[in-house]
Number of protein chains: 2
Amino acid sequence: MVMSADHSVTIKDVASHASVSVATVSAVMNGNKYVSPELAQRVRESIATLGYKRNSFARGLKTQISYSIGLIVPDITNPFFTNIARGVEDVANAHNYSLILGNTDEDPEKEKKYLHLLESKQADGLIIAVTARSREYLQELPLRDLALVSVDRSLFDLGIDTVMVENREGTRSAIEHFIALGHRRIGLVTGLRGIAPTEERLAGYTEALEKHGIPIDPALIAMTYARIDGGEQGAMQLLTLQDRPTALFLMDGTMTIGALQAVARLGLRCPEDLAIACFDDFTWAPVMRPHLTVVDQPTYEIGQQAAHLLFERLLNRKKNPREIRLQTHLIVRETCGSQLPIKE
Amino acid sequence: MVMSADHSVTIKDVASHASVSVATVSAVMNGNKYVSPELAQRVRESIATLGYKRNSFARGLKTQISYSIGLIVPDITNPFFTNIARGVEDVANAHNYSLILGNTDEDPEKEKKYLHLLESKQADGLIIAVTARSREYLQELPLRDLALVSVDRSLFDLGIDTVMVENREGTRSAIEHFIALGHRRIGLVTGLRGIAPTEERLAGYTEALEKHGIPIDPALIAMTYARIDGGEQGAMQLLTLQDRPTALFLMDGTMTIGALQAVARLGLRCPEDLAIACFDDFTWAPVMRPHLTVVDQPTYEIGQQAAHLLFERLLNRKKNPREIRLQTHLIVRETCGSQLPIKE
């Protein structure tokens with residue numbers, strides 16, 4: 001499989017050896033246009049015989065285009081970001097672009113390293129879910145020609161294309177659902193502070209309570225982070241209060257796994273003792289008992305739209321920045337019950 | 001943020017402008033060594049003032065190294081592959097390499113396109129979960145210098161480094177668990193035929209039955225594919241049999257979501273009417289009721305080990321190929337009950 005390549009052989013040499021056009025050789029190598037199996041086989045034989053190797057470095061030097069884009073997210077194993085990645089990758093692939101992936105774990109130092117890495121590879125564009133501290137250095141980095149699109153977190157005020165969901169409205173709809181069922185003590189487990197989804201969902205929570213004349217009780221808000229153990233810690237903190245909440249809203253789906261484990265450990269029943277809902281739907285939600293009530297967001301579409309914006313930006317750098325807000329939907333299943341849990 | 005770059009400015013010009021060494025400029029740009037914030041700031045200002053831009057294309061032409069590796073999987077949204085991707089990416093990042101991601105959906109044509117794309121970008125190496133048909137063309141492709149490691153599927157007989165789990169042993173342990181609980185009619189829902197995990201798990205299933213003198217009944221084996229709807233179809237097919245199985249083994253975790261939906265739709269109870277187990281553990285398994293019995297496999301470690309093999313291969317192309325088999329563990333929870341389900 002490993003052969004040495006002769007870099008003096010050109011695509012024209014291959015075309016001439018196989019008695020086809022340069023365009024046909026190119027189509028066989030890119031696999032992006034139909035070439036008959038016989039012709040493709042002939043071209044491949046000529047490539048092998050001559051030891052031809054395309055040289056993306058030489059092409060890049062000439063065009064300054066790398067045909068790759070980056071995607072930097074906190075953690076690809078959070079299904080929210082997995083689905084975004086799949087959306088981005090499908091669009092990139094349709095454009096014959098490669099997707100370079102990075103995980104920051106919300107760490108600005110890791111993020112900086114990726115930004116340098118992508119800049120040094122001359123990625124043409126980058127889709128990024130920035131950390132809480134990225135604004136401090138993002139504009140000072142030598143990013144130059146790198147086109148940027150922000151997902152999940154907002155950089156629109158910096159003139160950067162942004163794709164987000166209606167975080168405030170989505171959260172408000174869930175909290176108002178709790179209120180309609182008679183809840184007054186509604187707990188909130190947040191993600192990391194300083195990023196737009198957390199701040200906007202927090203705003204949606206307080207808006208809903210204020211609208212219905214329910215005072216904000218800071219004791220009912222647990223500040224954690226969007227991982228399983230963050231959800232578990234937050235739920236434990238709130239559910240062991242002397243006057244514990246009758247309803248709990250988690251800002252992220254993965255947190256809900258941890259929260260439900262806390263609920264089970266405390267011997268509480270859902271929805272009998274506690275109503276639960278969270279932001280983000282999950283493939284496993286349908287097999288949970290009881291079924292989880294969620295604020296659904298179009299994760300795959302966030303990735304798709306971000307990639308579309310990025311490719312538009314690559315075509316026209318002067319276009320006015322755009323912010324796309326995608327809608328969320330409250331899906332009422334079973335974890336909130338149909339009335340206020342009976343207090344013990 | 002978007003500035004034009006002057007490609008005639010060199011790293012030496014930046015070092016001289018900032019009165020630092022070339023090594024310091026390089027450290028600031030790579031972010032891989034400690035530089036004091038003041039010095040880093042001075043270097044960044046010089047980079048901005050002079051409009052310096054590193055040129056990976058020129059570096060690549062000289063070194064023929066791209067500092068990127070590819071990962072091609074069927075579908076990144078299957079948590080099995082998500083965790084592998086995270087394992088690979090963490091190792092790549094530690095080596096200052098970028099990870100390029102591709103999804104084939106088990107389609108050989110999509111796979112070929114990615115192989116061409118990665119070859120044209122001169123990725124240094126590639127980790128791949130090949131499709132059932134990849135062997136037909138893999139050796140004929142002009143992959144040349146691309147180092148390869150196979151994950152989940154076996155290419156070891158082609159002299160390619162391979163990382164897999166003990167599929168046969170893992171499946172056998174689950175089937176023997178069913179048998180020990182008194183089951184004789186054990187259904188199997190398979191993934192795509194022709195790939196090693198499916199064939200090896202099928203072998204583990206038949207081995208376990210034969211060892212205990214239970215005849216193989218082809219009617220109890222549903223051939224589907226590793227997606228939610230594949231699991232649902234397979235479970236429906238087997239559970240609507242006149243003499244339906246009393247136990248069901250799913251070859252993949254995502255399939256189990258679909259199977260459990262089928263079970264619910266048929267009004268069957270688990271474990272009372274039907275015992276269920278599957279290959280692959282899941283983050284959501286702890287919040288399912290009843291808890292799912294699974295054959296756990298070290299998904300993150302598969303990715304890590306594959307990346308380690310790839311970087312070893314990049315250092316020494318002549319090293320003998322290696323096959324790494326990672327162990328699986330049967331985790332007995334609640335979905336198999338403690339005895340044979342009572343037949344209705």
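Letters go in sequence order (proteins before strands), and every chain restarts at 1. Owing to the predicted nature of the structure, the values given are computational and were not obtained by experimental measurement.
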Item to check | Audit row: Asp281(A), Arg333(A), salt bridge (charged side-chain N to carboxylate O under 4.0 Å, His left out) steps and yes/no | outcome: CA-CA 11 Å; Asp281(A) 199 10; Arg333(A) 296 196 184 110; 2.9 Å; yes

Next on the checklist: Between Arg42(A) and Glu45(A) (salt bridge meaning N to carboxylate O under 4.0 Å), is one present in this structure?
Outcome noted: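 So Arg42(A) does not pair with Glu45(A) through a salt bridge.
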
Which of [options] touches chain A most, by non-hydrogen pairs under 4.5 Å:
options                                  : value
Asn93(B), Leu158(B), Thr77(B), Val263(B) : Asn93(B)
Leu99(B), Thr283(B), Leu260(B)           : Leu99(B)
Thr254(B), Asn83(B), Ile228(B), Asp75(B) : Asp75(B)

Item to check | Qualifying salt bridge (Lys or Arg N to Asp or Glu O under 4.0 Å) pairs, either residue in residues 87-97 of chain B, two or more places apart | outcome: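 Salt bridge (Lys or Arg N to Asp or Glu O under 4.0 Å) check on residues 87-97 of chain B returns Arg86(B)-Asp90(B).
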
Item to check | Qualifying residues under side-chain hydrogen bond (donor to acceptor under 3.5 Å, both in side chains), relative to Thr335(A), sequence neighbours excluded | outcome: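 So Thr335(A) forms no side-chain hydrogen bond (donor to acceptor under 3.5 Å, both in side chains) with any residue.
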
Checklist entry - Of the backbone (N, CA, C, O) and the side chain (C-beta and beyond), which part of Asp105(B) lies under 4.5 Å from a heavy atom of chain A, both, or neither? => result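 The side chain, not the backbone.
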
Next on the checklist: Please classify the contact of Tyr114(B) with chain A as side chain, backbone, both or neither, using a heavy-atom distance under 4.5 Å.
Outcome noted: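 Just its side chain gets close to chain A.
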
Item to check | Side chain to side chain, Arg135(B) and Val130(B), heavy atoms closer than 4.5 Å | outcome: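 Not in contact.
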
